[in-house]
2 protein chains.
Amino acid sequence: MSIRTTSPAPRKRASRRSNTAPTIADVAREAQCSPMTVSRVINGEGNVREETRGQVQQAISKLNYSPNRAARSLAGGEQLRIALMFDNPSASYLSEFLVGALEEAGRIDAHLEVQSCESATEALPLMRKLAEGGISGFILPPPLCDDQRVLDLTKDLGAIAIAVGPGKAEGSHGAFMIDDFQAAYDMTQHIIGLGHVRIGFIIGNPEQVASGRRLNGYRAALEKAGIEPSDDLIVQGRFTYRSGMAAAEKLLALDQRPTAIFASNDDMAAAVVAVAHRIHLDVPNDITVCGFDDTAMASTIWPELTTIRQPIREMTAKAVAAIGRITRARRSGEKPKAEQTILPYTLVRRESDAAPSLAASKRNGAG
Amino acid sequence: MSIRTTSPAPRKRASRRSNTAPTIADVAREAQCSPMTVSRVINGEGNVREETRGQVQQAISKLNYSPNRAARSLAGGEQLRIALMFDNPSASYLSEFLVGALEEAGRIDAHLEVQSCESATEALPLMRKLAEGGISGFILPPPLCDDQRVLDLTKDLGAIAIAVGPGKAEGSHGAFMIDDFQAAYDMTQHIIGLGHVRIGFIIGNPEQVASGRRLNGYRAALEKAGIEPSDDLIVQGRFTYRSGMAAAEKLLALDQRPTAIFASNDDMAAAVVAVAHRIHLDVPNDITVCGFDDTAMASTIWPELTTIRQPIREMTAKAVAAIGRITRARRSGEKPKAEQTILPYTLVRRESDAAPSLAASKRNGAG
DNA sequence: ATGAAAGCGCTAACAT
DNA sequence: ATGTTAGCGCTTTCAT
């Protein structure tokens, strides 16, 4: 072992810092304390005197300091990586979904990984691979969160999964959703309030749990209003425009045709409008049409659709935040349990609903 | 100065590494070289012997190594922050846009900042603020890149701006786009090839430069085919469904009504289909309808639209990559100049086009 | 063509 | 309650 008795002359080395953004050290100097204390203040830890904390905070705002994300996650030892899975990305849903995720991810400095797939079956191996690659958690919009295998897999993997929307096996994973039952109930009640009695309903894809809930909400509102439910008026759809057309054709060919149709999503409602127009029914004067989701379609077509707005963006943002929270909790040894959170929806009234026409009322009354 | 003649007993300290992901040092050991050489290989730098490079690459794939992003940007000294501006986000456009950006950002480890705004006027102060906050560059989809003030501002700010789509003041900023003229030309030629002669055209929003180019493409194809252009057949729209309906009503009320209508985007084309259906025209047998963009609308409605597909996702990904490249070039003192890149489009043939019916041909021939 | 050393800005672990 | 030290994994700078 060679022991030097004279230190080598330390060469001056050009600093590598190009931008002059203040660092934690600058703040420490300004606040006359150590960088560590500044770090504690930044991270809201305890064990800092109020006075010191104040000085640090002042220094921070004086220097306009903001922590360097890269350094943070490097020193912190781990990075938050969140996988955004999506299959069947209805574009309008997807954009809201992505914007919400992106905003929150920026806030908490999470790294987003988008992963599109054609089906739940295809998603399975992808998810396994991502989990092995060290993904902190998955965000699952429908219909992925309606797939039992997907949910089982996340459990096997020990991965965090948060659904954006209702999903199978609730309780096994976190979720942010609206109350689909109540929303459909409200919409139906709104239509009843307009004076309609014969109200058609188009069910969504039977494999998604939201579909059943919306149907039940419709049924419950009818019952509450003392309206005899008629099986003729309830038609199966699959959330697609095409399925909406077929359903509308059935509904509008009925001897006593409905004066209103409530479709389980906007694409199907748009199809109802198209079919109605083709047989020269005016919307909303001859027939009221309501949708669900408030996707771009709802406000693109004419007349614009009365529909239910889900706060997709907010739901996704919260899902990202939740993964951050849960990951941190796990790291500190806790075992946080999955929580479902219900967010408020809005009934957006636009141009596609109205009171039933006199003629229609009479016809139904007479028939 | 105190000179120690004996090294202090170095305490063992628990490693802070929690995950066991391989590091550059692991690779170096495996490849029997220094971390520096590995770094060079990773970054595709020169001055590495082919043999060495091969060993390193083998080690990398053997260990399944992937570089730590945080460490990279920390050591690299600066972070790539890219602002995604959007105003009037047609949802289907937006989702493609975001997915493309997200994918590439993940690849080059850029931080994305989404910024939505209601208008170009509103965008101006936001952009100024972002630039002051140290944004590396802006990505501007239409109609923001059609606004002279926005472009001027980026210039004043000395910021990098990349348009996704054609924009005003070309040459002043980078852009990734398709050849709108040629695409419209091709589509028109396709319609002519089907046998149509009376072909209506609906112009897009006059404030977007794409609108003019598409119109010119239509005109050129007509001329090339020796078809006399008729002013009656060219109607102004604004890219919205509503404007498409108004235009379609005009076009379909013509004495000699067109046997085909080419709308400058899908929303307007969808409106044409709706109007046609209302007057019991079959699409495509009574009238051919074509769109542009291949947004979700095109494949949602029935019949699905024949349209032009722009590779939005790819365009945005390239825009992100370009900002990375330009930023790096600037840092090393170069002054890279803005480049426009034309990407290939596709004519997607679906169900909304057909040869003109005999009746229609005769009528037009007779009239 | 390759490597050693010195940080990048921050935090975990260990003092005090 | 606060400070010290030693990294996190990588790249830059400088030396060979």
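If you're wondering where the values come from, they're calculated on a predicted model, not measured in any experiment. We use all heavy atoms of the structure for the numbers below, so side chains are in, but hydrogens, waters and symmetry mates are not. Throughout, protein chains are lettered first and strands after them, A, B, ... in sequence-line order, and every chain is numbered starting at 1.
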(request) Would you indicate which nucleotide in D/dT2, C/dG3, D/dC10 comes nearest to any side-chain atom of A/R40? (result) D/dT2

(request) Could you point out which residue of B/V114, B/I312, B/T316 forms a side-chain contact (heavy atoms from CB on, under 4.5 Å) with B/L98? (result) B/V114

(request) Could you state the atom-to-atom distance from CD1 of B/I24 to C1' of C/dG3 in whole Å? (result) 13 Å

(request) Have a look at the helix from C/dA1-D/dT16 to C/dT16-D/dA1 and give the angle its two end axes make, five pairs each, rounded to 10 degrees. (result) 30°

(request) Select one nucleotide: of D/dT11, C/dG9, C/dT11, the one nearest the side-chain heavy atoms of A/T23. (result) C/dG9

(request) Could you pull out all residues at least two apart from B/R49 that satisfy salt bridge (Lys or Arg N to Asp or Glu O under 4.0 Å)? (result) none

(message) Run the side-chain hydrogen bond (donor to acceptor under 3.5 Å, both in side chains) test against B/K62 and tell me which residues pass, sequence neighbours left out.
(response) B/E30

Tabulate below the donor-acceptor pairs under 3.5 Å that side-chain atoms of residues 150-164 of chain B make, not counting sequence neighbours, or state none.
from   : atom 1 : to     : atom 2 : distance (Å)
B/D152 : OD1    : B/Q148 : NE2    : 3.1
B/T154 : OG1    : B/L151 : O      : 2.7

(message) I want to verify a distance call: between C/dG7, D/dT2, C/dC10, whose nearest atom is closest to the A/T37 side chain?
(response) D/dT2

(message) For A/P67 and B/S34, find the nucleotide of DNA chain C closest to each by heavy atoms; which residue's nucleotide sits nearer the 5' end?
(response) B/S34

(request) Sequence neighbours left out, what passes salt bridge (Lys or Arg N to Asp or Glu O under 4.0 Å) with A/R325? Give chain and number order. (result) none

(request) Using atom CD of A/Q32 as one end and atom P of D/dT2 as the other, report the distance to the nearest whole Å. (result) 13 Å

(request) For atom CD of B/E122, decide whether the heavy atoms of other residues, nucleotides or ligands shown that lie under 6.0 angstrom number more than 12. (result) yes

(message) Just to verify, what does B/E118 make a salt bridge (Lys or Arg N to Asp or Glu O under 4.0 Å) with, not counting sequence neighbours?
(response) none

(request) Would you kindly compare B/E45 and B/A71 by the position of their nearest DNA chain D nucleotide and give the one closer to the 5′ end? (result) B/A71

(request) Write down the distance between CE (A/M36) and P (D/dG7), rounded to a whole number of angstrom. (result) 16 Å

(message) In this structure, how many angstroms lie between the P atom of D/dT2 and the CZ atom of A/R29, rounded?
(response) 19 Å

(request) Output all residues satisfying salt bridge (Lys or Arg N to Asp or Glu O under 4.0 Å) with B/R40, sequence neighbours left out; order by chain, then residue number. (result) none

(request) Using atom CD1 of B/I42 as one end and atom P of D/dG9 as the other, report the distance to the nearest whole Å. (result) 13 Å

(message) So, using side-chain contact (heavy atoms from CB on, under 4.5 Å) as the criterion, who are the partners of A/L343 when residues are at least two apart?
(response) A/F176, A/P311, A/E314, A/M315, A/K318, A/T341

(request) Report the nucleotide, chosen from C/dC14, C/dG9, C/dT11, that has the shortest atom-to-atom distance to any side-chain atom of B/L74. (result) C/dG9

(request) Residues of residues 47-56 of chain A with any non-hydrogen atom less than 4.0 angstrom from an atom of DNA chain D: list those, numerically ordered, please. (result) A/N47, A/V48, A/R49, A/T52

